[in-house]
Amino acid sequence: GLSEKFQRIVKKIRGEGTLTDANMEEALGEVRQALLEGDVNVDVVKQFIERVRERARGQEVMLSLSPAQQLIKVIHLELMRLLGGADAAPSIPGRVRDGLNLKDFPSVIFLVGLQGSGKTTTASKLALYLEKRGLTPLLASTDLQRPAAREQLRILAQQHKHPYFEGTSSSVVELGRECLNQARLKGFNPLILDTAGRLHVDEALMDELVALRDSLRPSEVLYVADSMTGQDAVRSSQAFNARLNLTGIILTKLDGDSRGGAALSIREVTGKPIRFAGTGEKPGDFEVFQPDRMTSRILG
Amino acid sequence: FSPLRAVDPAMLDELEERLLAADLGVAASRKLVDELKKRKFASSDEVLPALKAGMVDMLPPPQHHDGVKPWVTLFVGVNGSGKTTTVAKVGRLLKSAGHGVILVAADTFRAAAGEQLEIWAERLDLPVIRQRTGSDPAALVFDGIRAARAQGVDDVLVDTAGRLQTKKHLMAELEKVRRVAARELPGAPHSTLIVLDATVGQNGLVQCREFHQAVPLTGIVLTKMEGTAKGGIVFSIAEELRLPVEYIGVGEKGEDLLPFSPAAFVEALFE
Ligand SMILES: Nc1nc2c(ncn2[C@@H]2O[C@H](COP(=O)(O)OP(=O)(O)OP(=O)(O)O)[C@@H](O)[C@H]2O)c(=O)[nH]1
Ligand SMILES: Nc1nc2c(ncn2[C@@H]2O[C@H](COP(=O)(O)OP(=O)(O)OP(=O)(O)O)[C@@H](O)[C@H]2O)c(=O)[nH]1
Ligand SMILES: [Mg+2]
Ligand SMILES: [Mg+2]
């Protein structure tokens, strides 16, 4: 669906018989402003507008549409392509619906990201989600740095009767191995591993996460991002992706009223699919990500 | 003698992009650049310093504390912004300045919220008032103020649960906390600080607007500033609501809190 603002932009150029360079630029200017106000990254907006301009003028003329209609279609298609993408869930045997790769036994899912983005809460939501689909996840955390971090996950697991394991090692990598061994021993699948929040510029903590990944070989490394993030979304997600090769994104706090342009920025810059959306603090506030809802939200 | 000339449009565009990249937002970036457009300079080297000076001028001075005792500070903000950690850091700072401090763990909702602040209180050797999950946050604030008056404590720092401004019942809960504080101690809460994550985009302005309606804000704490985010949203917040930044958080340890310096902040923005 197209947002109100987008409709207004559409009406403006629909009024013209043919799409001149001048009113195309005006329309693109409006779209640019809407995207910036919606927190899409400045460089991502630049590239997006450039691609739209080329496509609208280019050889891909749709003969049944007026130039103005063509511009609208290109903008909408380009946004949908960016956010959803037909490449979001390639078919691989052993995959669960909604695109998670769980073909190992036990599979390991990492939840990673910046401080406060919602990883611990998302871990318990993901456990409930997978349980409803017939899996037997084990929840565990390697966060040894935040006060009461593991306690938080333990309480969430207890509240909703999810299996939870707390290792005793004081080294993050060894603790991770302990949790994996427990999953293997007790027949749980997958292991959902909550990790400590960290800055992408904290070399030591990023190295620790890479070491954890090298040791546990997770089939899913999900970047948990706060949907109200502004321009910085590109820097942090890009850095995490470069070091870890993320497999997917989870956007949280979509029950707020932020426009969520970070979704576009993160997707554009990492190329990784947005799998899920967090829509509240309760365990059921978790759903498969809907790209079309997101496009109208971002445009405002 | 050097003739005065208008700023090269390419330079203005580049500066506007840097402001946008710092989360100043379309309106504030445009306003600052428009002001540069109106001026003439002897050399292009003078432009950036002029922009920086204009930005420093936009930032209001910190709130004045007039030694009322106990001084009650309420910490509010959306989920995960850094409130609990900030309460601990401010407690440590005040204690090191010789103040008697009481922490109030008024987040009675989130899993392990009380435990988290309790661990901090233990580390910093500060008293903390807390109850079981599900108890009324207003009652805890009431207890905190009572205890502070009885013990002659200088500062009461109240941690609250994270909440999105879209949740009207949670905003109402915050109003109630403020009312109860004011009834128990006229003038309380003397400071109400919204804790903003430096990575927040334009929604940071909406958060301030909405929270300000529920509980009059007196200032901002900008956390996670040692990352790559610039926290530029504070400029439009300053324009619209005249809220000063009181502190910035620069890490996860107790000592990782700095009093806000507009000049240092603007310098860092352009680094
Ligand atoms: N409203 C809302 N709140 C959320 C959502 N996801 C998480 N939260 C809240 O956001 C806050 C931070 O969540 P956590 O799960 O502690 O975040 P985290 O990433 O584990 O934090 P660190 O471990 O410190 O990095 C908590 O108050 C959660 O209840 C969501 O989708 N909507
Ligand atoms: N890097 C960095 N992390 C910070 C800073 N301040 C807080 N954090 C981290 O951010 C995460 C969330 O902090 P909390 O204090 O739990 O945030 P909160 O606002 O109380 O969260 P809720 O109560 O769940 O709404 C924790 O991992 C903190 O260690 C900071 O200045 N820099
Ligand atoms: Mg956590
Ligand atoms: Mg808290």
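Letters A, B, ... are given to chains in the order of the sequence lines, protein chains preceding strands, and every chain is numbered from 1. Side chains included, hydrogens not; waters and symmetry mates left out as well; all remaining heavy atoms used.
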Practice item. List the atom of T199(B), the atom of D232(A), and the distance in Å for their closest heavy-atom pair. Key: CG2-OD2, 3.9 Å

Point to revise | CD/Q47(A): more than 12 non-hydrogen atoms of other groups inside 6.0 Å | key: yes

Practice item. Check the pair M228(A), V78(B) against side chain to side chain contact (heavy atoms under 4.5 Å, CB included), reporting the backbone distance first and the verdict last. Key: CA-CA 10 Å; M228(A) 65 183 93; V78(B) 300; 3.8 Å; yes

Exercise for review: Count the heavy atoms belonging to other residues, nucleotides or ligands that lie under 6.0 Å from NZ of K168(B), then report whether that count exceeds 12.
Suggested key: yes

Point to revise | Closest contact, heavy atoms only, I119(B) versus P147(A) | key: CG2-CB, 3.9 Å

Point to revise | Close side-chain approach of E281(A) to K167(B), heavy-atom, < 4.5 Å | key: no

Practice item. Using non-hydrogen atoms and a 4.5 Å limit, figure out which bit of R30(B) sits close to chain A: side chain, backbone, both or neither. Key: side chain

Check your understanding: In Å, rounded to the nearest 0.5 Å, how long is the span from CD of Q231(A) to CD1 of I233(B)?
Key -> 10.5 Å

Check your understanding: Which answer fits Q207(B), side chain, backbone, both or neither, if we ask what part of it has an atom under 4.5 Å from a heavy atom of chain A?
Key -> side chain

Revision key, fill the gap. To the nearest 0.5 Å, atom CG of N79(B) lies from atom OG1 of T121(A) at 8.0 Å

Point to revise | Contact winner vs chain B - R154(A), R235(A), Q145(A), heavy-atom pairs under 4.5 Å | key: R235(A)

Review point. For chain B, which of I155(A), D255(A), L156(A) has the most heavy-atom pairs under 4.5 Å?
Key: D255(A)

Point to revise | Contact class of V200(B) relative to chain A, heavy atoms under 4.5 angstrom | key: both

Point to revise | T228(B) side chain to V201(A) backbone, donor-acceptor under 3.5 Å | key: no

Study note, to complete from the structure: Minimal heavy-atom distance between D23(B) and G230(A), with the atoms involved, is OD1-CA, 3.5 Å

Review point. What residue in G197(A), G261(A), G256(A) has the most heavy-atom pairs under 4.5 Å with chain B?
Key: G256(A)

Review point. How long is the span from the CD atom in E37(A) to the CD atom in Q202(B), to the nearest 0.5 Å?
Key: 8.0 Å

Check your understanding: Testing V45(A), D43(A), V42(A) for side-chain contact (heavy atoms from CB on, under 4.5 Å) with L20(B), which one passes?
Key -> V42(A)

Exercise for review: May I have the step-by-step check of side chain to side chain contact (heavy atoms under 4.5 Å, CB included) for Q115(A) and T85(B), ending in yes or no?
Suggested key: CA-CA 11 Å; Q115(A) 288 90 347; T85(B) 312; over 6 Å; no

Practice item. Using non-hydrogen atoms and a 4.5 Å limit, figure out which bit of R146(A) sits close to chain B: side chain, backbone, both or neither. Key: side chain

Practice item. Enter the distance from D226(A):CG to N203(B):CG here, rounded to the nearest 0.5 Å. Key: 9.0 Å

Exercise for review: Could you please spell out the steps behind the side chain to side chain contact (heavy atoms under 4.5 Å, CB included) verdict for Q116(B) and Q152(A)?
Suggested key: CA-CA 9 Å; Q116(B) 187 186 359; Q152(A) 183 186 0; 6.0 Å; no

Practice item. Check whether any side-chain heavy atom of D257(A) lies under 4.5 Å from a side-chain heavy atom of V206(B), and answer yes or no. Key: yes

Revision key, fill the gap. Bottom line for E226(B): the part with an atom under 4.5 Å from chain A's heavy atoms is both

Study note, to complete from the structure: One option among A27(B), G227(B), A229(B) has the most heavy-atom pairs under 4.5 Å with chain A, and it is A229(B)

Point to revise | Closest non-hydrogen atom pair between A112(B) and A148(A), with its separation | key: CB-O, 3.8 Å

**Study point:** Contacting region of R150(A) [heavy-atom separation from chain B under 4.5 Å]
**Key:** neither

Practice item. Below 4.5 Å from any heavy atom of chain B, which atoms of D202(A) appear? Answer side chain, backbone, both or neither. Key: neither

Check your understanding: Could you state the interatomic distance from CG (L36(A)) to CG (L24(B)), rounded to the nearest 0.5 Å?
Key -> 12.5 Å

Exercise for review: Pick whichever of S236(A), G38(A), S258(A), A233(A) has the most heavy-atom pairs under 4.5 Å with chain B.
Suggested key: S258(A)

